[in-house]
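In what follows, a single structure is set out as structure tokens and then discussed.
Sequence positions, counted from 1, serve as the residue numbers for this chain. Computed from a prediction, not measured in an experiment: that's the story for all the values here.
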Amino acid sequence: MKNYKKKLAGLVGILLTATMILSGCGSKEKEDTLETPEAVPTDAAVEAESTADNQSAETDDFAPDHKIKIRFATGTMDSDDNKAAWEEILAAYNEIQPNVEIEPVPLDWANQRTWLTMQLTGGTAPEVFQSKLSWATDDYNKGLIRNINDLMEAPNPYTDTPSWKEFYAPAVISQMQAISKDYYSTCNYMDIVKVFYNKDMFSKAGVSDIPETWSEFLDIQKKLKEAGYAPFAVPNSKPADNIYNWAERLLTYQVVEGLLPELDVNGSDSIETSEIVRGIDLDIINIEKAPFSDVFPLLKEWSQYWAEGYNAIDYTTAEQMFIRQDAAMMLGMPGTSKNMTDMGADFAYGVFTFPYLTKEDTPYACEAVYEMGAAVTEVYCIPSNVEGEELEAAEDFLRFLGSPKAMELMAELMYKMPTSAEPVTDSLDGWAPEGRTVKMNLYGPAVDQTFFEDSVLFGQLYIGDDISLEEYLKELQNSLKDMAERLKETNGWSEENNYGIVEQ
């Protein structure tokens, strides 16, 4: 079969430093509450693995002489542009496999978890579907999705590596296997958030260098404000605007590193949901105490440089403000670059990684750069009940999704960062990860939707001087405890059963 690997300059080699993230980040993608136990090789999972080993297709020789139809469900068909991109991706696949018909099934991210659970348990899920990595772990434990070890260890006809897994960046493989040593999903992109800045405004304000530290970040915004510019467009009308949540997460990542060894009971180098609940019960995680409480005064200090009316601005409005040059900076993903082109933006801009805290800001600062995103979140899976020629077609399509051609198209058409070890395109230059990624995603909506919303909604009141810091921390700590109780009840976790954690 064709080898689609393109040897173009680009990004992603720096992914060697990335670590596992439990949730994605996207300005227009909402996530359901996640209650995910760690991967335990249950009887159901073992049975699914055995079935997969016996029925796995010899994908290299897959060339059906008659029509086979399979369904493909994804949450990234959420706009006309993305639908057109998927049409091109599927057309590229059909050039190779004209007898495999792929029926697209759009997913609503806000309701995806509930819908997938119903489809999987009812045996009616599409033959290939998109999920979250953490959700896939839960579904694999229940025997609902297939083990794909044999596929990952074997050559992929759409890559030129000795095995499919060798096509991926090593850090991506580490993330895929952080909880379980089995492969049960694959991926072809990751999201990443960086700071967009207007180069002309920086120059006119006397700013010659992009900031690296938090204090430099604030100093630049002071200069911009004194020069008559709105320093930062921050949408904060609702939790789904994401910017407040991204900021509190980025700052929290930097102050909690000292607690991670005490929280990482299973030794996976990533704090899972059950370990978070254990940490709350043992008072290791307490929002009213340092280092967690140190984050919010920093956010409030920064808010003096946010564009006026931030609590009434949504993400689209903030993006438009930056594109119209009504603000000097904003947080965004690569797709913002496309929006700027579509709207005819004619000014020079750049991106930089969110600055890091120093010991002058808080004694708990790890003084290291952290990324928002830059890790595996969305993955593709095959239900365990798929068999016969539909399984062969599903496995072949899964391998195509994890190929240079698919990743190239995702990057160029949808502005998604590839997860390959080697560059497949130069279309996302400047977006390569430069720092660490999250190990404890406390505020992410994939952990608990209600706590995610509370942190932002009470944050609006705190930033707006409607409640004090003490009141904000108290409300947030109460919401945190409620979250722990919900997750314990849902998953049957307790101190007696070690919160379902399997220590390695």
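Judged by distance alone, the side chains of Q221 and W302 do bring a donor and an acceptor atom under 3.5 Å apart. Using modelled atom types and a 3.5 Å distance limit, the side chains of Q130 and T74 yield a donor-acceptor pair. Counted by atom type alone, T353 and E434 present one or more donor-acceptor pairs between their side chains at under 3.5 Å. No side-chain donor from either of T358 and E367 sits under 3.5 Å from a side-chain acceptor of the other.
For an aromatic pair to be called close, the ring centres must be under 6.0 Å apart, and F129 with Y380 fails this. For Y443 and F452, the ring centers are positioned 6.0 Å apart or more. Y370 and Y356 have their aromatic ring centers separated by at least 6.0 angstrom.
The number of heavy-atom neighbours closer than 6.0 Å to CG of D80, taken from other residues, nucleotides and ligands shown, is 12 or below.
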Checklist line | Residue pair E371, R436: steps toward the salt bridge (Lys or Arg N to Asp or Glu O under 4.0 Å) verdict | finding: CA-CA 6 Å; E371 298 281 2; R436 305 173 185 177; over 6 Å; no
Check: Under the ring-ring contact (aromatic ring centres under 6.0 Å, His included) criterion, do W246 and F354 qualify, and how do the steps go?
Finding: CA-CA 10 Å; W246 289 348; F354 198 78; over 10 Å; no
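Side-chain atoms of T336 do not come within 3.5 Å of backbone N or O of G332 as any donor-acceptor pair.
A salt bridge links K338 with D81; the closest basic N to acidic carboxylate O contact falls under 4.0 Å. Ion pair E257/K439 not flagged as a salt bridge, since none of the NZ, NE, NH1 or NH2 atoms sits closer than 4.0 Å to an Asp/Glu carboxylate oxygen.
Aromatic ring orientation, F217 versus F352: perpendicular (interplanar angle above 60°, classes split at 30° and 60°).
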